[in-house]
Amino acid sequence: MGFYLAQFLTGLASASSLFLVASGLSIIFGVTRIVNFAHGSFFMLGAYLAYTFVNILPHGVLGFWGAIIVASLLVGVIGVFLEITLFRRIYKAPELFQLVATFGVVLVIQDLALWIWGAEDLFGPRAPGLGGAVRILGEPIPQYDLLLIVLGPAVLLAVWLLFNKTRWGTLVRAATQDREMVSALGVNQSWLFTSVFFVGSTLAGLGGAIQLPREAANLLMDLNVIGEAFVVVVIGGMGSVPGAFLASVLIGELNAFGILIFPEITLVLAFLVMAVVLVVRPWGLLGKPDAVLRGADGPPEQPLKPFTATSKYLVWALAAALLATPAIADEFVLVLLSDILIFTLFAVSLHFIMGPGGLVSFGHAAYFGLGAYGAALAVKYLGVDMISGLVVAPIAAGLGALVFGWFCVRLSGVYLAMLTLAAAQITWSVAFQWQDVTGGDDGILGIWPAEWASEKMAYYYLTLALVGASVYVIRRIVYAPFGYALRAGRDSQLRVEAIGINLKSQQWMAFVITGIFAGIAGGLYVYSKGSIFPDELHIARSVDGLIMVLLGGIQSLIGPIVGAVSFTMLEDLVTRLDYWRIIFGGVILFIVVIAPEGLAGFARKILPESLTGKKNEGVQI
Amino acid sequence: MSLLDVTNLCKSFGGVRAVNDVNFSLEKGEMLALIGPNGAGKTTCFNMLNGQLKADRGSVSFQGQELLGMNPRDIWRLGIGRTFQITATFASMTVRENVQMALISHHRKVFSLWNRATNSYAQEANSLLQQVGMEHQADRACGVLAYGDLKRLELAIALAHGPQLLLMDEPTAGMAPQERITLMELVASIAKSSNVSVLFTEHDMDVVFAHSDRLMVLNRGEIIATGTADEIRSNEVVKEVYLGGGSTFDTGEKEKTSA
Amino acid sequence: MLEVQGINAFYGQAKILDDVSFSVGAGEVVALLGRNGAGKSTTMKTMMGMVSSTKGDVTFNGETIKKLPSHVICQKGLGYVPEERRIFTELTVMENLEVGKQDKRPDAPFWTPDKLFKLFPNLAEMRNRPGGQMSGGEQQMLSIARTLMGNPSAILLDEPSEGIAPVIVEQMAFTIMELKKEGLAVLLSEQNLHFAKLVSDRAVIVEKGSIRYQGTVKELEENPEIRDAYLAV
């Protein structure tokens, strides 16, 4: 009995820390509509800064808590700095942009933290006076945990009062719904937003700082906590602070007891709960249906046009060049080109669901990874040949998409995006934790192509053929009635339902199609590398895809190809350097601020009409 | 049997009767206007007819087929077209493609993965556009159309599957007076020539009085009056709850002189 | 007191406003007439600093307000009641009014919730009701009341009668006459000519982003050609 109580209290204590991060994320999302990946970085900075200040300030109760408070406030100030320099510029940008931009911040902060604090884990001191344990029903409960258990509800109350009983809170809630109107009523809304960012990031900083006595500050904290915080915010309902509290307790307890019952799949549990909650309550436990945001959408996409004659020649010329390359290129170039081709297919398949489909997928790595793991497992356990492996890959990914898609199409907007992310995290956790089957962190090795394709040149041609055919088929689908119906559903859900189209089944099928093609890319990838690791399923891989689509521009079908090519080449160049993340993050931020329509969109603006087939028709009033 | 028979239709939201025991029928080729103050239950009523909202009680029979319990897609397939208060069209497609989309759906080809959508049913789409006078703009992007043209495009989309009944929710909302009249004249002429019935809600009394065969006034979820334009205009109860003193729309005398 | 001089506005490449000029005096009601998309809303948004104009000027009490952000323009005493009301549906009536609250201004009537409830008796009965649970007419009242909480000396009303029952529109006309009596300058954008005639002193007709006619409402009535060309009732 006592043991279960202790486990329960541990769960509550973790819930408090999680709640602080998640409530901050939820507040910022509620007002700015930005899904802030960098929120996890705020949490990490809170822990590191607390570590630094605990060592600077005099030891003792005052020094310890002083360090915690200074660290949290400093994180708040960093949040304000980022809001003013970056986020302010992208409030009106599409979700995808914001997401990628915040991921750029994650990369930059990761390298800054590495540079300032080094790669070693930093252990903080215990809280002075709270280092001991209290015995409850015979079980030792750390005093610090008891403090945390009280802290969570206290912060909930404070935040609730702040939002519901002050003029500031009223203004913030009004701005959540209609910022332009709030401004027209005489409220300086940019400072209002900045103050919201301050509150949100301070909470994240506090969450990280108070975690220090329980967990060493480390460089993986950011993405680890952001995954859980997303889950909490989504389960609770985006923008709802009480919801975040409820969900934190749920997840905290789930982790505390889950580890007793299913130690193998603890990571999956949280995401499974999230999927179930969302299907039953599509807006989370205490959330409200997504209000349509005003003034956030750009001009509509242009109608699709067939290739112009010039474009057709260019496509043939490109194909000829790709076919001729092996004659002049060495093996190194061929491997790089194969990589580029594989990621092109990955990006094109992601673009298919995001552009024409209008469904923002944050977890496209799931299908890439399912394809790769599908083929690898088939080789490892069934000993199949390469052709069969390459057939298994899209089937595995397609089946995954069939299952995940069924859940996803029930949702829309940010909730859908979060569920796709959860789906990817589930597959990642399985690959990572189910060591007996997947090899866990060690991955699966020795997946080599068949004899006839083992030469780099042969494998390059195989890749070229499969990727070329796939891209062509995707393009046909986009121009076919199916693709049109999909775009129609994106443009006006109301209208497609009113002309008898079952949008959900269109979208479900779109998920399967995109899954199949991402699976082909995954299959090609595993044979080209000879191995597969869980990393290929991680958030970072999904974000890679998003960056490619963003680089190329979401509104153009050529976009993802341009994006994948430039991304893969840039990555190949940069990752050889130390501190490559900061460069990479910087490049992302630069692009988001300077060329928000993507490279292809940017080119379309400056290229002649003969290439783009565009007609500049302004909006007529 | 009428084309549409609504009997004892009821709907409550949290204890409040939004629509209370509504009964009416609609004949073939008839234009019936549903008017009333905001919150009277017009939209609720409409949404039950088109399947977006579940009714608590009652029956809606279309050519003898019960509509309650069916989803909007199946109701559409029975031959009921809709237009919306705020236009709902596909902004990233051309005008013709918008109509083709409805035709593709009508012919159940939305899962086709290979043929080009732009080549499907282009002739039919063109003749629909001609009906509403939009054939010259067929290749323009829908996103750049003027509002009045969007409304006409929406009408063409609604007519694509040859419906017998059009449900139009505030068809002239947001239009200039002259455009309102032109649009409703177009609707009326199509209704007469193809024998389509029209049920519409509307706030513009000028439009309502000029273009409906019959009017129904809804107040607090109940029908308080039914009749011709003249009967409704002179109905004391209607004046009190809805029309007011008549200073904000054309009174009968003026309209007769201008018509 | 409120003057617009030769402003223009673009949406992407399309010109929405072209050289628009007019003025509104204290205690005067001016109606901005024209069809949907003619540029009425854009004119008001440009005046409020929500849309930027590359040419011309907007002055208020002799001071240029063109390059100022919306909240500063509002703080100077120019109130804006938007199209489609834009009530904060999650907030109660009292909270909606709180958002609009600004300091007292020497040159304008001072409004409190109690004083507003006298002008809009319906609202008094629903102080704690969320905006989302009110009817369209009630929301329109609240939207006007919310803007008045900023104690404006001039007010822009964008299509206040759109989608509202005639009986409420009559009440709206009464409210506008009250504001006029208080000395407010009122700019009203309208499509309902009957309503506009009822309350306004002068009319400005906009068509395709340019002004086609300015004059008193009486002159407009006596000028059927203009009426039929741009309004055609």
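Labels below follow one simple rule: chain letters A, B, ... track the order of the sequence lines, proteins then strands, and each chain is numbered from 1.
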Counting heavy-atom pairs under 4.5 angstrom with chain A, the leader among B/Arg77, B/Gln100, B/Glu154 is B/Glu154

In Å, rounded to the nearest 0.5 Å, how long is the span from [atom1] of [X] to [atom2] of [Y]?
| X | Y | atom1 | atom2 | result |
| --- | --- | --- | --- | --- |
| A/Gln506 | B/Ser105 | CD | OG | 8.5 Å |
| B/Glu97 | A/Arg487 | CD | CZ | 6.5 Å |
| B/Ile104 | A/Ile501 | CD1 | CD1 | 8.0 Å |
| B/Arg82 | A/Ile499 | CZ | CD1 | 11.5 Å |

More than 12 heavy atoms of other residues, nucleotides or ligands under 6.0 Å from [atom1] of [X]: is that the case?
| X | atom1 | answer |
| --- | --- | --- |
| B/Gln164 | CD | yes |
| B/Lys192 | NZ | yes |
| B/Glu66 | CD | yes |

Give the C-alpha distance, both sets of side-chain angles, the deciding distance and a yes or no for side-chain contact (heavy atoms from CB on, under 4.5 Å) between B/Val110 and A/Phe482.
CA-CA 5 Å; B/Val110 286; A/Phe482 178 79; over 6 Å; no

Strictly distance-based, threshold 3.5 Å: is any side-chain N or O of [X] a donor or acceptor partner for the main-chain N or O of [Y]?
| X | Y | result |
| --- | --- | --- |
| B/Trp76 | A/Gly500 | no |
| B/Arg116 | A/Ala480 | no |
| A/Arg476 | B/Trp114 | yes |

Taking the side chain as everything from C-beta on, heavy atoms only, tell me whether [X] gets closer than 4.5 Å to [Y].
| X | Y | result |
| --- | --- | --- |
| A/Ser505 | B/Phe111 | yes |
| B/Asn115 | A/Tyr479 | no |
| B/Gln52 | A/Leu494 | yes |
| A/Ile513 | B/Leu113 | yes |

Heavy atoms of B/Met93 and A/Tyr484 approach each other most closely as CE-O, 3.2 Å

To check you understand the geometry: which heavy-atom pair defines the closest contact between B/Met101 and A/Ala488, and what is its length?
CG-CB, 3.9 Å

Contacting moiety of B/Thr87, where chain A heavy atoms sit under 4.5 Å
neither

With a 4.5 angstrom heavy-atom cut-off, which part of A/Val478 approaches chain B: side chain, backbone, both or neither?
neither

Do B/Ser92 and A/Arg490 pair up side chain to side chain, a donor and an acceptor below 3.5 Å, judged on atom types alone?
yes

Counting heavy-atom pairs under 4.5 Å with chain B, which one of A/Gly489, A/Gly483, A/Ser492 comes out on top?
A/Ser492

